[in-house]
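Accompanying notes for the structure given below.
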Amino acid sequence: MSEEKEMSEKENVEALAKILHDAERVAVLTGAGISAESGIPTFRGEEGLWKTYRAEELATPSAFHANPTLVWEWYDWRRGIIGSKEPNAGHKVLARWENIFPEFSLITQNIDGLHEKAGSKNILELHGNIWRLRCLEEGTIIENYDTPLKEIPPRCSDCNSLLRPHVVWFGESLSSSVIQEAFQSSSSCQIMFVIGTSAVVQPAASLPLTASEAGAKIVEINPDPTPLTSYCDFSFRGKAGEILPMIDNELKRESSVLKE
Ligand code: BV8
């Protein structure tokens, strides 16, 4: 990294830590990128393909209706990968921040459950969770961590109907209580971090715009620019597992300095 860029990044981290130190209401939106350093494929990265299918092709009600076995093979494959992975330093910083900011909301598009595994408690899972299955008939939700699944497609032990992943597929609406709470904390936060998302999928990608319109500072962490970059007050070109600890260390330093 060029000397000048390193300096500006360091200056940005220091400036951000000062603002963060005085913040009461902080919101964070995460995407697949925060789990990349844990070894989980992102959606739009080159390893985002399964066989020849793109996520948008398989993560739909019509794909499941047409071929539940194929769709379940895909989720079983992802559960197999995710089940063997651990949260990284990025997840852990966010779990710590939940306990230091009076109002902290963690909003994720990820269904991998790694925020929970890192110790985060109040997580708004916009798109559901890959470790929960739902009965198509009765709607009952069960937790299942079997990898691989004992039966594909899995069936409800009560009524023997098909079970589906308790996730939100393209063309399906999000849980109204979850999306309402997400927009509420976005419109009331003082700072919103946008970490590891290509900011393409709606309505998630609108949350930072809501925060920006409400006057919040927007902080992006992503190796690549996104459609949101031009709305950001800080945009760090780097990996979440490296940038978040840098910001957190500076925040700790800031707090210790001010305590003296
Ligand atoms: C809905 C669960 C009402 C399933 C998922 C308006 C305009 C256009 C389209 C629409 C619109 N409104 C609705 C739509 C349709 C659609 C949509 O947005 N389509 C997109 C493709 C244009 N939205 C919906 O269907 C939503 N429902 O709106 O209902 C409705 C219904 C019908 C019609 C109208 C309205 C439901 C969307 C939820 C779908 N389910 N997941 C599953 O996972 O199996 S979405 C899924 O894909 C993820 O959850 C996530 O949201 C998305 C992937 O995006 P990212 O997480 O950002 O990942 P990506 O790979 O793209 O990017 C990773 C980023 O990380 C990159 O930028 C990379 O540079 C960066 N990165 C890499 N390494 C690191 C890193 N960053 C930091 N550190 C690193 N180390």
Side-chain angles (χ1 to χ4, degrees), residues 28-50 53-64 68 70-82 85 87-94 107-115 123-134 164-176 178-180 182-183 193-209 219-229 232 234-247:
V28 176
L29 174 68
T30 64
I34 197 167
S35 296
E37 292 153 274
S38 296
I40 297 180
T42 64
F43 281 71
R44 280 175 182 70
E46 61 278 349
E47 76 292 334
L49 268 182
W50 179 71
Y53 300 95
R54 294 218 57 79
E56 286 87 351
E57 290 167 281
L58 291 169
T60 64
S62 51
F64 187 76
L70 175 73
V71 171
W72 265 118
E73 283 169 351
W74 180 48
Y75 280 97
D76 196 39
W77 172 73
R78 292 169 68 185
R79 287 162 55 100
I81 292 174
I82 295 168
K85 307 301 184 198
N88 60 60
H91 296 105
K92 292 171 184 160
V93 165
L94 298 178
I107 308 164
T108 189
Q109 298 169 77
N110 300 344
I111 64 173
D112 58 28
L114 287 189
H115 284 301
I123 308 161
L124 290 174
E125 293 181 312
L126 294 177
H127 298 159
N129 185 300
I130 203 167
W131 304 114
R132 297 198 186 101
L133 287 58
R134 187 167 84 234
R164 60 161 284 173
H166 186 52
V167 299
V168 179
W169 282 328
F170 289 97
E172 290 186 322
S173 301
L174 282 61
S175 139
S176 51
V178 170
I179 195 65
Q180 267 164 17
F183 273 104
F193 285 80
V194 184
I195 305 169
T197 183
S198 57
V200 170
V201 171
Q202 297 293 350
S206 300
L207 295 167
L209 301 179
V219 182
E220 182 176 53
I221 301 176
N222 193 316
D224 300 334
T226 73
L228 278 172
T229 303
C232 294
F234 298 88
S235 192
F236 294 96
R237 287 283 83 73
K239 297 180 173 182
E242 295 163 5
I243 301 284
L244 280 169
M246 274 167 60
I247 296 168

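Counting starts at 1 for both ligands and their atoms, following the listed order. The first residue in the sequence is number 1, and the count goes up from there.
For T30, the side-chain hydrogen bond (donor to acceptor under 3.5 Å, both in side chains) partners two or more places apart in sequence, or in a different chain, are T108, H115. By the salt bridge (charged side-chain N to carboxylate O under 4.0 Å, His left out) test, R132 pairs with E125, E143, sequence neighbours left out.
By the criterion of a heavy-atom distance under 4.0 Å, the backbone of E172, and not its side chain, is placed next to ligand 1. The proximity of T197 to ligand 1, defined as any non-hydrogen pair under 4.0 Å, involves the side chain as well as the backbone. For E37, every heavy-atom contact with ligand 1 shorter than 4.0 Å involves the side chain, none the backbone.
Once rounded to the nearest 0.5 Å, the distance linking CD of E37 with NZ of K85 reads 13.5 Å.
Checking G241, G196, P225 against atom 63 (C) of ligand 1, the nearest heavy atom belongs to G196. Closest heavy-atom approach to atom 44 (O) of ligand 1 among the candidates W169, W74, Y75: Y75. Residue nearest to atom 61 (O) of ligand 1, selected from A59, A32, S198: S198 (by heavy-atom distance).
One N or O on the side chain of T229 and one on the backbone of T226 form a donor-acceptor pair closer than 3.5 Å. N88 places a side-chain N or O within donor-acceptor distance of the main-chain N or O of G90, the cut-off being under 3.5 Å. Side-chain atoms of D112 do not come within 3.5 Å of backbone N or O of I82 as any donor-acceptor pair.
Checking L114, L244, T197, L29 one by one against I34, the side-chain contact (heavy atoms from CB on, under 4.5 Å) holds for a single residue, L244.
Heavy-atom proximity to A36, at under 4.0 Å, picks out these atoms of ligand 1: 73 (N). Heavy-atom proximity to D224, at under 4.0 Å, picks out these atoms of ligand 1: 69 (O). Using a 4.0 Å cut-off to heavy atoms of G31, the atoms of ligand 1 that qualify are 56 (O). In summary, the atoms of ligand 1 found under 4.0 Å from a heavy atom of Q109, numbered by their order in the structure, are 48 (C), 49 (O), 50 (C), 51 (O).
W72 does not carry R164 over the face of its six-membered ring by the limits of under 6.0 Å from the centre and within 45° of the normal.
Ligand 1 has P223 within reach: a non-hydrogen atom of the residue lies less than 4.0 Å from it. Under a 4.0 Å heavy-atom criterion, E242 is not in contact with ligand 1.
For ligand 1, none of its N or O atoms has an N or O atom of T226 under 3.5 Å away. The shortest N/O to N/O separation between N110 and ligand 1 does not fall below 3.5 Å. Residue G171 has at least one N or O atom closer than 3.5 Å to an N or O atom of ligand 1. Remark: ligand 1 and A240 share an N or O pair separated by less than 3.5 Å (distance only, no angle test).
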Practice task
Might you work through the salt bridge (charged side-chain N to carboxylate O under 4.0 Å, His left out) test for R78 and E73, ending with a clear yes or no?
Solution key: CA-CA 9 Å; R78 292 169 68 185; E73 283 169 351; over 6 Å; no
Practice task
For V194 and V219, run side chain to side chain contact (heavy atoms under 4.5 Å, CB included): C-alpha distance rounded to whole Å, both residues' side-chain angles, the deciding distance at 0.1 Å, then the answer.
Solution key: CA-CA 6 Å; V194 184; V219 182; over 6 Å; no
